[in-house]
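One structure below.
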Amino acid sequence: MMEESLLPMETKWNPGVPGIPAPTVGASHALPEGGKQVAAGAPFAVEARSFSFWYGANQALADISLTITTRQVTALIGPSGCGKSTFLRSINRMNDLIPNTRHEGELLLEGGSVYRPDQDVVLLRRRVGMVFQKSNPFPKSIFENVAYGPRVNRLVQGRRQLEGLVERSLRQAALWDEVKDRLEKSALGLSGGQQQRLCIARALAVSPHILLMDEPASALDPIATQKIEELIYELKDQYTIVIVTHNMQQAARVSDVTAFFYLGKLVEVGRTEEIFTNPKNDQTEAYITGRFG
Amino acid sequence: MSDGAGSVERVHRTRRVVNRLMLTLTGVAAFVVVVPLLLIFYHLVSAGAGALNLDFFIRLPVPVGDTGGGMLNAFVGTLSLVAYATLLGVPIAVGAGIFLAEGRRAPLATVVRFVADVMNGIPSIVIGIFVWAWVVVAMGRFSLLAGSIALAVMLIPMVTRTTEEMIRLVPRELREGARALGFTRWRTTLGIILPAARSGILTGVLVALARIAGETAPLLFTAFGNPFLEWRLNEPVASLPLLIYQYAISPYDDWHRQAWAASLVLIGFVLMVSLAARFVIRNPYRGS
Ligand SMILES: Nc1ncnc2c1ncn2[C@@H]1O[C@H](COP(=O)(O)OP(=O)(O)O)[C@@H](O)[C@H]1O
Ligand SMILES: [Mg+2]
């Protein structure tokens, strides 16, 4: 397509990575009714074209052009306040909850404009699961946490189907064995790492195509962090994952592609091993070698 | 060197003394807070416990001159008044509280919040007169309904504000988690936020109940009082605070004793509700 103009930086990375199958929707995914998305034809899960974002007068993102490839893990790195969360939260329009914000440019999700006026935000968010820095299980039972979304979105019929979906989601989140005997217990009794995996299961239960993770392990101990990382590794066969992380090693371990943000701009994006071994940009190099940030 | 160490030592000693002094002062203040309750209890028990017997709870008042009898009418009256006031007031107050918490920037929310705060400060006798003018005069009679409305008018601003505060205490992440799953705003509020704030709201309701159960002034010209057992909405009813007032200003020793006993029961009720509120607080969603 127009890759030249999409990547203004001097990146040589080719987003069309060989060996990655065409981004079709996996068989295990229930399509949202209508199947509105243009998934089958879209080369990228997410595509930003000169996307800028403002909180009031404060510009948080400036002219971001970035493509995120289907079924890969893309890590967003950069110092605090550089706009990683803002970019992530634009993809499912969570920033709509904040008053006095505005944007310019284009942001496409599976080929369709996220911000187009007739976009149904509910359907959009169902395609995009989100996991937050602070685990936020609902004050309900473990079962209810996973079941609530599918039930509200009418994705299942009957108790049996619902139970099947809950089990499948919990298994996908590598939590089933730990909670299968206490599904009716409060989710708030779980450990921090378990709560975070429960939130992942909750997000998976509504069959998203894309999983956004905003520093999902930054509040967890090393062992729980490792479990989350293993989980990300498992999930990337089926999902497009975008993860914000402050942890360089984590970005290097889990991601295929790394994008470095600085002061609201996208400085460099490329294959993770390229970025970490041979960054093109001095700022990128300074950041990943720990000279600032 | 030794001089420096000495001055450090002196500063330490001064600090310790000041620390102890302040602690003592606040301790005295705390004690002064507790004393009235203890005194009230002591006095009520010594003056009223003698009149507390089964008859007191299950019999109606007897004519002046006869001894004995009870306050069944007032117990039933107060319970009905509080129950109807809760039924009337809590749904409105919780709804308004949700509105204030959710539409916090709406101009109407600012107005409603201000009005609720003013209402909280209005003397209860004024609320009684207001309800008399609008309900009693319109119905042409004193009634349980008018009394309940007066108490509900007192309860609504209190519960509205606590509901608002409790909803705001729910972590923002919870709301975002629900919205990110594709929940609409109202579904998020009713399905996630309200249950998370439930114990706080319940506590607020209980505290408000304890407040209105002892109110006398708003009932003077609304529920009015009734020497007979009554629980119909369009009839006047007795209430504990009103009966305490009538008995206390009467010249009869037996009535005085019963007034003390009724006060004891009323305080006991308030205490129990407050304890219940504490118990609810102890198991809130964020407690874990
Ligand atoms: N809700 C908000 N209101 C106003 N400014 C915000 C808000 N959230 C973030 N910002 C600002 O936007 C910029 C980018 O923030 P953010 O996207 O959270 O950065 P990061 O996630 O990379 O740390 C920062 O300058 C921050 O202060
Ligand atoms: Mg952030």
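These numbers come from the heavy atoms of this one structure, side chains and all, not from hydrogens, waters or symmetry mates. Within every chain, numbering begins at 1; the chains are lettered A, B, ... in the order of the sequence lines, protein sequences first and strands thereafter.
Chosen from A:Q133, A:M94, A:M130, the residue pairing most often with chain B at heavy-atom distances under 4.5 Å is A:M94. Heavy-atom pairs under 4.5 Å with chain A were tallied for B:E176, B:R198, B:R175; the largest tally goes to B:E176.
Here the side chains of B:R179 and A:L97 are in contact, with some heavy-atom distance below 4.5 Å. By the 4.5 Å heavy-atom criterion applied to side chains, B:I193 and A:F138 are not counted as neighbours. Contact annotation: the side chain of A:P139 approaches that of B:L174 to within less than 4.5 Å [non-hydrogen atoms, C-beta and beyond].
Contacts of A:V128 with chain B are made by backbone atoms alone, with heavy-atom separations under 4.5 Å and no side-chain atom involved. Proximity to chain B is limited to the side chain of A:R89, based on heavy atoms less than 4.5 angstrom apart.
Environment of NZ in A:K185: sparse, with no more than 12 heavy atoms of neighbouring residues, nucleotides or ligands closer than 6.0 Å. By the neighbour-count criterion of 12 heavy atoms within 6.0 Å, atom CD1 of A:I223 is sparsely surrounded, having that number or fewer from other residues, nucleotides or ligands. Within 6.0 Å of CH2 in B:W231 there are 12 or fewer heavy atoms belonging to other residues, nucleotides or ligands. Taking a 6.0 Å sphere around CZ of B:R211, one finds it holds 12 or fewer heavy atoms contributed by other residues, nucleotides or ligands.
Of all non-hydrogen atoms in A:F132 and B:A180, the two that sit nearest each other are CZ-CB, 4.0 Å. In terms of heavy-atom proximity, B:I192 sits nearest to A:K140 at CD1-CE, 3.9 Å.
Once rounded to the nearest 0.5 Å, the distance linking CG of B:L181 with CZ of A:R125 reads 10.5 Å.
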